[in-house]
Amino acid sequence: MDDQLLIKYLLGETDLRETDQVKQWIAADLRNRTYFEQMSWVWEKSAHLLEKQEVDNNVAWNQFKDRRDRMETKNHFAPKGILFPVWLRVAAMITLVILGGWLVGSYLPGPVSALYTSVVFESQEAPRKEVLLDGSVLTLNKNSSLRYSQKLMGDRRVVNLAGGEVYFEVVKNKTKPFVVTAEEMTLTVLGTSFHVNQSPERIEVIVDAGEVKVAYQDQVIFLQKDEKVTIATASGGVEKEVNRDKLFRYYVEGKFVAESTALPELVEALNKAYGSKIEIGSERAQNRLITTTLEYGSLEKNLEVIKETLGLSISHEENRIVVE
């Protein structure tokens, strides 16, 4: 949907065909409705702020003139031109603009303020989902943090990842690319789904749909669906390979989907999700493949499913769980 048509609709200047087009678009998807409501809110508040600013400017200017006149009456010896009304008026206008920008940045709710400033999203002990201004969806895994901005007059949608894991479902917009930065890595897409995992040791990008461009130092890597790149931040090493499972989506879907997955890979995902220390204690278990779906719930129940599915034994020791 063209933003110009939505603005035209907000102004009440659309014809019957355009009005129906906008209404059908709003009703077609929750993301569309959310985007329109956010645009409506910004439109109304912006008009109010502009009107208020004009009133405030006039009041401030009249008050200044009153003070100036009183000072001139009290001091007949003041040299002409010592008061610089034009300069002072410009200064007053600049002050009002700065103050207005601060008010807008702190007054707007949720991601709408990303039109004017950066918005911080953080998750604590549970995943968190956010719908952005353009309808894109971010799912932050637990203990993740990022900054998001989509400046009103800007040409990009920008996310700065501070750490953790995020799954991106980006709405396509050819005129406004979606850019993700993490340390020295810059990732650019027009519209796609992908996962980024940033830790002190590495940055991992997995593409779930579409195409992603990854730039790191002097290297540029293009990733297609079911491809991933791993960047070792200490050494600068970059490795591109095929991604063979969907376990990285566990915090998005609330389940671990294993399809002929090597048991060590499933164990690694469980350890990351639960903060556990599961170890494989035999070569027999090390080489097993498993096909199953585990709910992101009780770790003990999931271990029991693995035990019954593969015919393995599981023992609990002081600081670890051993599968063999």
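The side chain to side chain donor-acceptor pair (under 3.5 Å) pairs that include a residue from residues 229-239 number zero, where partners must be two or more places apart or lie in different chains.
For Gln150, the side-chain hydrogen bond (donor to acceptor under 3.5 Å, both in side chains) criterion is met by Tyr148, not counting sequence neighbours. Applying the side chain to side chain contact (heavy atoms under 4.5 Å, CB included) test to Glu169 and every residue at least two apart in sequence or in another chain returns Arg31, Val137, Tyr167, Ser193. Not counting sequence neighbours, the partners of Arg33 by the salt bridge (Lys or Arg N to Asp or Glu O under 4.0 Å) test are Glu37. Partners of Lys272 under the salt bridge (Lys or Arg N to Asp or Glu O under 4.0 Å) rule, at least two apart in sequence or in another chain, are Glu165. For Tyr9, the ring pair (Phe, Tyr, Trp, His ring centres under 6.0 Å) partners two or more places apart in sequence, or in a different chain, are Phe36.
Ser123 contributes a side-chain N or O that, together with a main-chain N or O of Asn141, makes up a donor-acceptor pair within less than 3.5 Å. Distance alone, capped at 3.5 Å, places no donor-acceptor pair between the Thr19 side chain and the Arg17 backbone. Using a distance-only test at 3.5 Å, with no hydrogens or angles considered, no donor-acceptor pair links the side chain of Tyr216 to the main chain of Leu187. A donor-acceptor pair is defined here as one N or O able to donate and one able to accept, closer than 3.5 Å; no such pair exists between the side chain of Lys176 and the backbone of Arg156. No side-chain donor-acceptor contact under 3.5 Å links Thr293 to the backbone of Val257. A donor-acceptor distance shorter than 3.5 angstrom exists from the side chain of Glu18 to the backbone of Asp15, with no hydrogens or angles considered.
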Arg147 vs Val158, test: side chain to side chain contact (heavy atoms under 4.5 Å, CB included). Steps then yes/no.
CA-CA 8 Å; Arg147 286 183 176 272; Val158 181; over 6 Å; no
For a side chain to side chain contact (heavy atoms under 4.5 Å, CB included) check, start with the C-alpha distance between Asp245 and Glu265, then their side-chain angles and the critical distance, and finish with the verdict.
CA-CA 9 Å; Asp245 63 68; Glu265 295 179 7; 3.2 Å; yes
Apply side chain to side chain contact (heavy atoms under 4.5 Å, CB included) to Ile290 and Leu310, showing your working.
CA-CA 7 Å; Ile290 184 169; Leu310 298 180; 4.2 Å; yes
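The neighbour count for Glu268 CD, taken as heavy atoms of other residues, nucleotides or ligands under 6.0 Å away, does not exceed 12. The number of heavy atoms from other shown groups lying within 6.0 Å of NZ (Lys225) is above 12. Counting heavy atoms of neighbouring residues, nucleotides and ligands inside a 6.0 Å radius, atom NZ of Lys277 does not exceed 12 of them.
Classified by interplanar angle (parallel below 30°, tilted 30° to 60°, perpendicular above 60°), the ring pair Phe194/Phe168 is parallel. Ring geometry, Phe248 versus His195: the interplanar angle falls from 30° to 60°, so the pair is classed tilted.
For the side chain to side chain contact (heavy atoms under 4.5 Å, CB included) with Val214, the qualifying choice from Thr186, Thr188, Leu223 is Leu223, the only one to do so. Paired with Leu161 under the rule side chain to side chain contact (heavy atoms under 4.5 Å, CB included), one option of Ile203, Leu140, Leu146 passes, and it is Leu146.
The pair Lys246-Asp226 meets the salt-bridge criterion, since a charged nitrogen lies less than 4.0 angstrom from a carboxylate oxygen.
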